[in-house]
Number of protein chains: 2
Amino acid sequence: MGDGTSARRLEPSEVPTPERILDAALASFGSRGYDGTSLDALGAALGMSKQAILYWFGSKEGLLDALIDRSARELADVLELALVGADGGWAKVEAVVRSAFRLAGRRPELLGLVREVSRLGPGAALRLVSALQPLIERATAFLEAEMDAGRLRRHDPTILLLASYSAVTGVATEVEVLRALGVEPDRRSLARRRRALIDLLRAALVPAPMPG
Amino acid sequence: MGDGTSARRLEPSEVPTPERILDAALASFGSRGYDGTSLDALGAALGMSKQAILYWFGSKEGLLDALIDRSARELADVLELALVGADGGWAKVEAVVRSAFRLAGRRPELLGLVREVSRLGPGAALRLVSALQPLIERATAFLEAEMDAGRLRRHDPTILLLASYSAVTGVATEVEVLRALGVEPDRRSLARRRRALIDLLRAALVPAPMPG
DNA sequence: CTCCTGTTCTACCATATGGTAAGTGAGTGC
DNA sequence: GCACTCACTTACCATATGGTAGAACAGGAG
């Protein structure tokens, strides 16, 4: 988006090999985890040998780094769009949360990777958060301004961000836990979970209306 | 607790071998992850060979299962104590969150394992949540009763639980992310994070007081 | 002293893994 | 036609891993 590339949908065979590898890696790292994914298996799933992967990314860690970069960019693009697009105050917060849930429905692996990354040592986590830094800063500034203006209840912005992010990813992606809690994690329940979490956040963030 | 065992603190050498193995496994699985922990390394850290571990637990997966069971029991004990002990309404919620944070300070590996487990496939997650089931049911019933009585704002109890749990573990244990966010995760900041998260939860849960 | 049981060790194995080395065929520039 | 690059492939390797087999060693029973 924004560059000169045509927006036409590419045939699968037209997708450049590195992109296809990153797609497969995202799916596998997000579900089976980084350690649980072997280059052999990844190559087999792509119909190529693992050396093709090593050719493009040099090493398994290089693949992870590239994947983190691309994923962070995609995540930041989606959320930034919502952050810029909607009206201010609570409406903007809700728009961002909604788009995060939409992402969880359309590309669950992406949030799965984010969860996985925080487990892969300081390097990976730092890389991810660094790539998200501009988004985080903009979000923090927005929250502080809205709190100053009295349109949102005052809270520690950093903790608010981390707590909301944790809650959203937890509620949107912890399918095993949900199943064990008796919630079948299908599309319909995702919408219900989204509504419930938005209600919760609204209660925490929207100031009580002046009585009368 | 509750059985006939003496409560006196045991010398390290007195701790039975299986317990010592579970302690080391908890530390290693929680930080380096299950896949990232080899039985060889675990044995070396304990000053024994990996065969001693296999002798007690049969297989690596057997060790994981036993660890999940013990950890779930410990987690449930701590939280249940808080759930029973405090006054009703918001005070009880706050007490549970406080004791979760205390646990995060004293035994961070425990919450680290809980985070790790949800990545290890349906089996492990199911095993953990099953062991926590009684606690979950009691908590859900408590929340529903308090909401009915108007002492807590009405929300979906399941989502409320999952969101709170995600937020607490996120805020309490995502040290890499916090560091990248500019928060040095020491003891003092843990207390500050706890306060901020409790404020957030209170805003979401405590009904607005009648004006006047 | 001998036997037995419980606990841990040494030795070993099959398998899987990330990574290297070298080769191959298609396409391109000249 | 020839050199060269690109995008891979097959072949191979060192290492690490979970797990098995069996010896060794302690301590108690008889």
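Residue numbering restarts at 1 for every chain, and letters A, B, ... go by the order of the sequence lines.
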Of the residues in residues 44-66 of chain B, which ones touch DNA chain D at a heavy-atom distance under 4.0 Å?
B/Lys50, B/Gln51, B/Leu54, B/Ser59, B/Lys60
Would you find more than 12 non-hydrogen atoms of other residues, nucleotides or ligands less than 6.0 Å from A/Glu61 atom CD?
no
Stretch residues 32-42 of chain B: residues that reach within less than 4.0 Å of DNA chain C through a heavy atom
none
Output the distance between atom CG (B/Asp156) and atom CZ (A/Arg193), rounded to the nearest 0.5 Å.
10.5 Å
Could you tell me whether A/Arg20 and A/Asp23 have a side-chain N and a carboxylate O separated by less than 4.0 Å?
no
Does the pair A/Lys92/A/Glu146 count as a salt bridge with the N-to-O cut at 4.0 Å?
no
May I ask you to verify if any side-chain N or O of B/Thr17 is less than 4.0 angstrom from the OP1 or OP2 atom of C/dT8?
yes
Within a reach of under 6.0 Å around CZ of B/Arg154, are more than 12 heavy atoms found that belong to other residues, nucleotides or ligands?
yes
Using a cut-off of 6.0 Å, state whether more than 12 heavy atoms not belonging to B/Gln133 lie near its atom CD.
yes
Taking the cut-offs as 6.0 angstrom to the six-membered ring centre and 45 degrees off its axis, would you call A/Lys60 and A/Tyr34 a cation-pi pair?
yes
Any carboxylate oxygen within less than 4.0 angstrom of a Lys/Arg side-chain nitrogen, looking at B/Glu94 and B/Arg98?
yes
